[in-house]
2 protein chains.
Amino acid sequence: MLLVDSTFKALAEPRRREILTHVWSRELPAAQIAARFPDVTRSAISQHLGVLRDAQLVVERRDGVRRLYRANHAQMTRLRHFLDEYWGDSLERLRLLAESAEREKGNVNG
Amino acid sequence: MLLVDSTFKALAEPRRREILTHVWSRELPAAQIAARFPDVTRSAISQHLGVLRDAQLVVERRDGVRRLYRANHAQMTRLRHFLDEYWGDSLERLRLLAESAEREKGNVNG
DNA sequence: GCCGAAAGTTAGTTGACACTTACGTAAGTA
DNA sequence: TACTTACGTAAGTGTCAACTAACTTTCGGC
């Protein structure tokens, strides 16, 4: 799966966004993250962490028996850049170019 | 559903992102949008357009029997702002404040 | 009013996914 | 070695969403 695709899918789940905020500015072991979600099992959080890891939105570091997670700010920056480049002014300019090219073609044919 | 939630969910689908690029800088009737996706039925595109409309990522304008769609740039801007504010420096600062408050408490108790 | 074009809507199917329970595994400890 | 802790993983379940096929609605021309 494309990285942008997996990033959007990972962020589409509210719980995963909340997990991200918890590990945004500090490392936390999986158990402590799970403790913040009393309504779901630890297993569910572990699976969410796997999705976030696959999307490179968090990085994992092992410390003995524990696994410490923290947000990968670079990936979030990458997403912002994607939004800027894919739907920002650069795309706008490309579209306008394509349209004027279409008109040119129309003028030649007409 | 929260607006941010529906926005992420809408963008998580690659086909909907592609639809957005097609109506980014010009209005298009539903049939012309559907024509760009030969592998799925017109009905599927109509449903995708409904999801994009609910997420306020596109706006619809009726012209006789046709319905013209165009991207809502404001909503995309809103998403960028969300990324900036929710996971940007402002959240970073809040987290650091919360952490130092935690340490303060620890010092009082210890 | 009747017909056809453009589009939305509904019913039903299939696949994905968030979740739970149960089990497996690696690292530390007695 | 046996036990515990801190995890991940596998299997199964219910729900949701993307899709197709068939139908309905809305508008314009005759």
Side-chain angles (χ1 to χ4, degrees), chain A residues 1-23 26-72, chain B residues 1-23 26-72:
Chain A
M1 184 155 49
L2 285 174
L3 196 57
V4 172
D5 218 286
S6 59
T7 304
F8 270 118
K9 283 217 172 121
L11 291 175
E13 178 64 39
R15 222 181 286 269
R16 283 196 285 263
R17 291 203 300 272
E18 203 178 342
I19 290 177
L20 257 190
T21 68
H22 286 132
V23 297
R26 65 186 178 297
E27 268 184 337
L28 281 181
Q32 281 194 38
I33 299 170
R36 315 225 167 191
F37 300 91
D39 54 327
V40 290
T41 61
R42 190 186 48 75
S43 174
I45 300 302
S46 179
Q47 290 171 56
H48 279 313
L49 286 170
V51 173
L52 289 169
R53 194 185 335 105
D54 289 348
Q56 300 181 29
L57 283 165
V58 299
V59 287
E60 180 197 300
R61 181 174 71 89
R62 304 203 181 192
D63 171 35
V65 71
R66 298 187 312 169
R67 304 203 187 181
L68 301 165
Y69 291 90
R70 63 176 169 82
N72 180 14
Chain B
M1 182 153 55
L2 286 174
L3 196 59
V4 173
D5 219 286
S6 59
T7 304
F8 270 118
K9 284 222 171 114
L11 291 175
E13 178 64 37
R15 223 181 288 268
R16 283 196 286 264
R17 290 203 301 272
E18 203 178 341
I19 289 177
L20 258 189
T21 68
H22 287 132
V23 296
R26 67 186 176 297
E27 269 184 337
L28 280 180
Q32 281 195 36
I33 299 171
R36 315 225 166 189
F37 300 90
D39 53 330
V40 290
T41 61
R42 192 183 48 74
S43 173
I45 300 303
S46 179
Q47 290 171 58
H48 279 313
L49 286 170
V51 173
L52 289 169
R53 195 186 332 108
D54 288 349
Q56 300 181 30
L57 283 165
V58 299
V59 289
E60 180 196 300
R61 183 174 70 89
R62 306 203 180 192
D63 171 36
V65 71
R66 299 188 311 167
R67 303 199 188 183
L68 301 165
Y69 292 91
R70 63 176 170 82
N72 180 13

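Just so it is clear, the model here is predicted, and its values are computed rather than measured. Within every chain, numbering begins at 1; the chains are lettered A, B, ... in the order of the sequence lines, protein sequences first and strands thereafter. Values below: every heavy atom of this structure, side chains too, minus hydrogens, waters and symmetry copies.
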Quick check on [N]: is either OP1 or OP2 less than 4.0 Å from any side-chain nitrogen or oxygen of [X]?
{"X": "A:Tyr69", "N": "D:dG8", "answer": "yes"}
{"X": "B:Thr41", "N": "D:dC19", "answer": "no"}
{"X": "B:Ser46", "N": "C:dG8", "answer": "yes"}
{"X": "A:His48", "N": "C:dC17", "answer": "no"}
{"X": "A:Arg15", "N": "C:dC19", "answer": "yes"}

Rounding to a whole Å, what distance do you find between [X]:[atom1] and [N]:[atom2]?
{"X": "A:Ile33", "N": "D:dC7", "atom1": "CD1", "atom2": "C1'", "result": "12 Å"}
{"X": "A:Lys9", "N": "C:dG15", "atom1": "NZ", "atom2": "P", "result": "15 Å"}
{"X": "A:Arg61", "N": "D:dC7", "atom1": "CZ", "atom2": "C1'", "result": "16 Å"}
{"X": "B:Phe37", "N": "D:dT20", "atom1": "CZ", "atom2": "C1'", "result": "17 Å"}
{"X": "A:Glu60", "N": "D:dG8", "atom1": "CD", "atom2": "C1'", "result": "9 Å"}
{"X": "B:Ile45", "N": "C:dA7", "atom1": "CD1", "atom2": "P", "result": "12 Å"}
{"X": "B:Arg42", "N": "D:dT24", "atom1": "CZ", "atom2": "P", "result": "15 Å"}
{"X": "A:Leu68", "N": "D:dA6", "atom1": "CG", "atom2": "P", "result": "12 Å"}

Of the nucleotides [options], which one has an atom closest to the side chain of [X]?
{"X": "B:Arg66", "options": "C:dT20, C:dA7, D:dT20", "result": "C:dA7"}
{"X": "A:Arg16", "options": "C:dA7, C:dA18, D:dC19", "result": "C:dA18"}
{"X": "B:Ala30", "options": "D:dT5, C:dT9, C:dA7", "result": "C:dA7"}
{"X": "B:Arg67", "options": "D:dA18, C:dA22, C:dG8", "result": "C:dG8"}

By nearest nucleotide on DNA chain C, pick out whichever of A:Val65 and A:Ala44 is the more 5' one.
A:Ala44

For the residue pair B:Phe37 and B:His48, establish whether any side-chain heavy-atom pair is separated by less than 4.5 Å.
no

Can you spot which of A:Glu60, A:Arg67, A:Arg61 makes a side chain to side chain contact (heavy atoms under 4.5 Å, CB included) with A:Glu27?
A:Arg61

Look at atom CZ of A:Arg53 and say whether more than 12 heavy atoms of other residues, nucleotides or ligands are closer to it than 6.0 Å.
yes

Hey, does A:Asp39 reach any base, or is it just sugar-phosphate, or nothing, if we go heavy atoms under 4.0 Å?
sugar-phosphate

What pair of heavy atoms forms the shortest contact from A:Arg17 to A:Ala12, and how long is it?
NH1-O, 3.7 Å

A:Lys9 backbone acceptor or donor facing A:Arg16 side chain under 3.5 Å
yes

Side-chain donor/acceptor of A:Gln47 to base of C:dC19, under 3.5 Å
yes

